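Heads up: the structure comes next, in structure tokens.
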Number of protein chains: 2
Amino acid sequence: MTQTGEAENTPQTGVERQQRRKPGLERLLATADELLYAEGIQQTGVQRILEQSNVARGTLYGNFGGKDDLIAAYLQRRHTHTLAAVTTAIEHAHSDDPADVFDALLDVGESRSQQGSFRGCAFALAVAEMPAADGPAAHWARTHKTAIKALLKQALTGRVAVPERTAESLMVLYDGALLSAALRPGEDSFEAARAAGRLLITTALLPPDPAPGS
Amino acid sequence: MTQTGEAENTPQTGVERQQRRKPGLERLLATADELLYAEGIQQTGVQRILEQSNVARGTLYGNFGGKDDLIAAYLQRRHTHTLAAVTTAIEHAHSDDPADVFDALLDVGESRSQQGSFRGCAFALAVAEMPAADGPAAHWARTHKTAIKALLKQALTGRVAVPERTAESLMVLYDGALLSAALRPGEDSFEAARAAGRLLITTALLPPDPAPGS
DNA sequence: CTTTAAGTAGACCGACTGTTCTAGTGAGGA
DNA sequence: TCCTCACTAGAACAGTCGGTCTACTTAAAG
């Protein structure tokens, strides 16, 4: 079926087919992302996603195996988009001060926390709703957090040496700020995380008088 | 009905009635606490709670208005128990070093994280499953976190002066450690939080030699 | 025009869900 | 003994859920 080899003169068959499929699919994915995050995965019924995205029921089950597949796509999408945003934010902060790297990471979180639908880290929410330790939520949460930690560590390592424990402390501050902002809005958790992170970086990574080994 | 004033010679009527009601109710509350936390609030059906606690359907709806009421009782119970555990742990750590106070708080979290059913902070999980900003989950989460922060601040203030921002940084570390331990098990997030907290306390609250220009 | 394929609209199904209700049980107090 | 009251066991109910299926439309390709 796939190698009948007769439509080689129309090179858009493969790619264009997905392009044509995109509009409806993209609407579906966008509203799924919005609703699954803002109103919860279990709380959001398939019907609500279909209505808000103006997509027919058959389209969903034609493109995805079911709701579980749509959830997995939602998580992957979140991972890709958030990681891209963090990457550009960190790359954009190319000052000499390593603390600016951590600030850039927190800025991404803080700007998101100022949107009305903010409820905290999407992966923490997903794991809370899908307890299975071997399920997609746990998988993507681990993947995402590990990737962000690696990104942060790499960006800092370009400037100073970063012990593993310090990197973990910064991750704890990042996740804690996201969670605290969700649970206790109006408490300036991001600023508190920034202050702690800056102290951690300036004292643990940049001793005031550089020892001979640096 | 309530003031017929004839059974004053049996003073156990009021209290004992609740005592007699306790066994079944306590079984119900204990298994509800266990299941709602470990398997999720929405995921756990009423029937499963009833079966595992060996309690009849009528008992639930006789003592509670419904599942929502049971959930509220679960959250209140978690708040009371956790707050008590944290209180005794902090009181028990009556050394001179203020960092020991924060260590005691983290010890409570870490010991819970070593139980098999650990999934992170129960209130963060509840809020994730019940997005309503004015619902019981958001209420108890705010109440609980605020209480713990106040407890921590008070215990530290007994030893050193504690700026608001530093207290918030410590809360971010605490919540972040609980969340990180849930999302990335085996990463020693508590030790990282302890290190960051100790640094924060010893430098921000106890400057070794108060330099004029620091 | 015919074919192929994707999308739409909506009825429909089985499997749950939380909740109510009825009938019966067993212990303690009057 | 009678009565009360908490509890048990289980049927039954309305509602919602995810998922399947059918009939129709649209549009590009031959």
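Because the structure is a prediction, the values reported are computed rather than measured. Labels below follow one simple rule: chain letters A, B, ... track the order of the sequence lines, proteins then strands, and each chain is numbered from 1.
- Ranked by how close their nearest DNA chain D nucleotide is to the 5' end, A:Gln43 and A:Gly65 are led by A:Gln43.
- Residue A:Ala56 places its side chain closer to C:dA9 than to any other of C:dA9, D:dG19, D:dT8.
- Counting only distance, with no hydrogens or angles, the side chain of A:Arg77 and the backbone of A:Asp33 share no donor-acceptor pair below 3.5 Å.
- A:Ala137 and A:Val127 make their closest contact through O-CG2, 3.6 Å (heavy atoms, listed as atom of the first residue, atom of the second, distance).
- Nearest nucleotide to the B:Tyr61 side chain, out of C:dT20, D:dG19, D:dT8: C:dT20.
- Contact annotation: A:Arg27 reaches the phosphate of C:dT8 (side-chain N/O to OP1 or OP2, under 4.0 Å).
- Checked against C:dG18, C:dG7, D:dC7, the side chain of A:Thr59 finds its nearest nucleotide in C:dG7.
- Using a 4.0 Å cut-off, some side-chain N or O of A:Asn63 falls inside it from OP1 or OP2 of C:dG7.
- Other residues, nucleotides and ligands place no more than 12 heavy atoms under 6.0 Å from the CD atom of A:Gln154.
- Within 3.5 Å, a donor on the side chain of A:Arg57 pairs with an acceptor on the base of D:dG19, or the reverse.
- Without hydrogens or angle criteria, B:Tyr74 side chain to B:Asp69 main chain gives no donor-acceptor distance under 3.5 Å.
- Closest to the side chain of A:Val55, out of D:dC7, D:dG19, C:dT8, is C:dT8.
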